[in-house]
Protein chains: 2
Amino acid sequence: MRLGFIGLGIMGKPMSLNLVKSGYDVTVFDINESAVEELVGSGARGAGSAKEVGEMSDIIFMMLPKGEHVESVVLGESGVIYGANDGAIVVDMSSISPVQSKGIAEALEARGMEMLDAPVSGGEPKAIDGTLAIMVGGKEEVYDKVKPYFDAMGQDITLVGDNGCGTTAKLANQILVNVHIAAMSEALTLASKAGIDIKKMYEAIRGGLAGSAVLDAKVPLILERNFVAGGRIDINAKDLTNVMDTAHSIGVPLPLSSQVLEMYHSLMADGKAADDHGGLIQHYEKLANFEVKGVSQ
Amino acid sequence: MRLGFIGLGIMGKPMSLNLVKSGYDVTVFDINESAVEELVGSGARGAGSAKEVGEMSDIIFMMLPKGEHVESVVLGESGVIYGANDGAIVVDMSSISPVQSKGIAEALEARGMEMLDAPVSGGEPKAIDGTLAIMVGGKEEVYDKVKPYFDAMGQDITLVGDNGCGTTAKLANQILVNVHIAAMSEALTLASKAGIDIKKMYEAIRGGLAGSAVLDAKVPLILERNFVAGGRIDINAKDLTNVMDTAHSIGVPLPLSSQVLEMYHSLMADGKAADDHGGLIQHYEKLANFEVKGVSQ
């Protein structure tokens with residue numbers, strides 16, 4: 001099976017490298033030529049366009065920043081759709097809107113090609129380790145064909161439903177992560193301004209019903225005031241925008257998610273777009289005119 | 001050391017029973033005489049008023065529904081304060097406002113008595129097992145005296161700060177629990193109405209940054225549409241009211257917690273006060289005019 005990979009950024013580079021390391025024949029493309037050269041140096045084949053990747057591949061993976069990039073790479077001029085053969089499979093691992101994702105799947109199907117939406121969770125460290133969680137939407141027989149290659153990039157790989165269901169699961173994941181960060185910010189700001197040692201409080205409550213992966217990941221960073229991303233505020237704002245667009249298109253009001261999105265916009269207006277999403281607490285600090293501190297530090 | 005226990009409800013009954021079972025001398029009181037008789041049958045001594053418990057005890061524990069009950073039991077006519085001796089310690093294990101708690105501590109101190117605020121987390125099952133999490137506010141030397149008796153009722157016992165800090169930690173705990181329930185409700189409603197099998201989705205995301213104790217505790221119940229409390233909506237609304245009162249008294253706006261409180265008020269108006277707080281998802285189902293289902297069930 002000839003593989004293609006388009007989009008060699010922070011995530012796409014280690015993901016495609018894991019395919020190469022597993023011994024697969026991989027043709028890569030990115031508008032950043034040095035990223036292509038780096039992969040070619042590791043044993044991949046370089047291509048000059050998305051269309052060329054399509055011509056040289058049976059399964060074309062992509063990992064791109066936004067829906068507009070996926071649309072342009074698949075359907076645009078020199079797009080994959082003009083190069084790929086009958087029966088080719090496009091696997092979009094970007095986090096985009098399910099509506100956009102379904103539209104692309106339909107356009108591909110009309111040309112005799114297949115698509116899976118397969119966004120990931122876990123960030124750069126798990127992309128490097130090949131231990132990403134992968135949530136897949138599409139036909140089961142198509143999923144079965146691609147599964148061995150997913151195994152080279154992730155673990156916890158789940159087919160959650162038809163086309164669009166992978167991206168929808170990723171949006172649900174992002175609701176949980178970002179609203180949990182806001183919940184943590186409310187709890188820590190209240191407790192800290194009331195004079196509690198928030199490190200002791202965290203130890204007291206983390207094992208109970210209040211516990212979360214967000215609390216365990218972010219409280220230690222907040223105590224150090226370390227807001228280096230991690231998961232960037234602007235990327236999470238993009239995800240929450242997709243959440244709200246999708247929710248509204250099917251008649252689901254999400255009052256808390258929409259408020260967290262507004263908080264991110266406030267932080268972006270304040271020059272904090274590149275901060276980690278754990279830096280959301282800075283919004284609450286501004287609201288309360290108070291800096292959260294680890295008393296026992 | 002002679003112990004007292006006032007308030008023998010769902011929580012107070014098993015908690016006081018664990019003190020009796022540990023071999024301590026315990027005098028109990030409740031306005032519900034049959035609860036007193038039950039404890040007396042298990043080896044406790046019965047009293048006719050809170051004041052009488054004060055007279056017969058060196059450490060007086062209490063577990064009452066609301067702040068007004070604690071205030072009345074400690075400071076009201078026939079209150080503990082009129083019976084207890086110099087140096088007596090009042091340990092309030094109810095979940096009340098830190099402001100009220102501090103006020104009661106000051107009144108007791110003025111009469112030569114001590115106080116700890118020591119709310120718990122874990123609910124009836126952990127009260128029965130003697131494995132409650134206990135968050136304590138007060139002086140360290142007072143805490144040290146009471147610690148052996150806390151050990152009979154809980155584990156994960158933490159002194160988090162001065163008077164009021166135990167109740168504040170409990171409020172922070174309740175922010176996390178209740179906002180996490182709302183986050184879960186938003187994620188499940190969006191995903192389910194978009195056509196995903198939410199059980200598969202839950203399995204796909206629970207091990208990542210989206211994971212939480214709330215998700216693990218409540219998703220299985222929601223899939224069964226089991227909203228039997230558990231943690232009642234009206235009790236959690238009371239806690240969130242204390243959260244908001246406390247937050248506003250020290251200048252901390254909490255936009256998400258306040259919205260979840262409003263959602264609980266909507267559910268209470270709809271006759272669901274006694275439902276488990278996981279039943280919050282019914283509010284979202286009403287908003288989206290859609291019932292969340294486990295597709296693979």
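Chain A is the first sequence line, chain B the second, and so forth, proteins listed ahead of strands; every chain is numbered from 1.
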Item to check | CD1/A:Ile250: more than 12 non-hydrogen atoms of other groups inside 6.0 Å | outcome: yes

Quick check for you: among [options], which has the greatest number of heavy-atom pairs under 4.5 Å with chain B?
options	value
A:Ala191, A:Gly208, A:Ala183	A:Ala183
A:Leu188, A:Ile205, A:Leu215	A:Ile205
A:Pro255, A:Pro98, A:Gly122, A:Gly137	A:Pro255

Checklist outcome for this item: In terms of heavy-atom contacts, A:Ala187 and B:Leu176 come closest through CB-CG, 3.9 Å

Next on the checklist: Between B:Gly207, B:Gly161, B:Gly123, B:Gly251, who has the most heavy-atom pairs with chain A when the cutoff is under 4.5 Å?
Outcome noted: B:Gly251

Checklist outcome for this item: The reported gap from CD1 in A:Ile181 to CG in B:Leu209 (rounded to nearest 0.5 angstrom) is 6.5 Å

Item to check | Atom pair CG (B:Leu254) and CG (A:Leu190), whose distance is rounded to the nearest 0.5 Å | outcome: 6.0 Å

So what's closer than 4.5 Å to chain A heavy atoms on [X]: side chain, backbone, both or neither?
X	value
B:Leu159	backbone
B:Met135	side chain
B:Ala247	both

Item to check | Proximity breakdown for A:Ala217 and chain B, heavy-atom pairs closer than 4.5 Å | outcome: side chain

Item to check | Close side-chain approach of A:Val260 to B:Leu256, heavy-atom, < 4.5 Å | outcome: yes

Item to check | Beyond-backbone contact of A:Met201 with B:Cys165, side-chain heavy atoms, under 4.5 angstrom | outcome: no

Checklist entry - By side chain to side chain contact (heavy atoms under 4.5 Å, CB included), which residues pair with B:Ala118, not counting sequence neighbours? => result B:Val91, B:Met93, B:Ile134, B:Val136, B:Phe150

Enumerate, including both backbone and side-chain atoms, all donor-acceptor pairs under 3.5 Å from chain B to chain A.
unit_1: B:Glu186; atom_1: OE1; unit_2: A:Ser257; atom_2: N; d: 3.0
unit_1: B:Glu186; atom_1: OE1; unit_2: A:Ser257; atom_2: OG; d: 2.6
unit_1: B:Glu186; atom_1: OE2; unit_2: A:Leu256; atom_2: N; d: 2.8
unit_1: B:Lys193; atom_1: NZ; unit_2: A:Ile250; atom_2: O; d: 3.0
unit_1: B:Lys193; atom_1: NZ; unit_2: A:Gly251; atom_2: O; d: 3.2
unit_1: B:Gly211; atom_1: O; unit_2: A:Ala213; atom_2: N; d: 3.0
unit_1: B:Ala213; atom_1: N; unit_2: A:Gly211; atom_2: O; d: 3.0
unit_1: B:Ile250; atom_1: O; unit_2: A:Lys193; atom_2: NZ; d: 3.0
unit_1: B:Gly251; atom_1: O; unit_2: A:Lys193; atom_2: NZ; d: 3.2
unit_1: B:Leu256; atom_1: N; unit_2: A:Glu186; atom_2: OE2; d: 2.8
unit_1: B:Ser257; atom_1: N; unit_2: A:Glu186; atom_2: OE1; d: 3.0
unit_1: B:Ser257; atom_1: OG; unit_2: A:Glu186; atom_2: OE1; d: 2.6

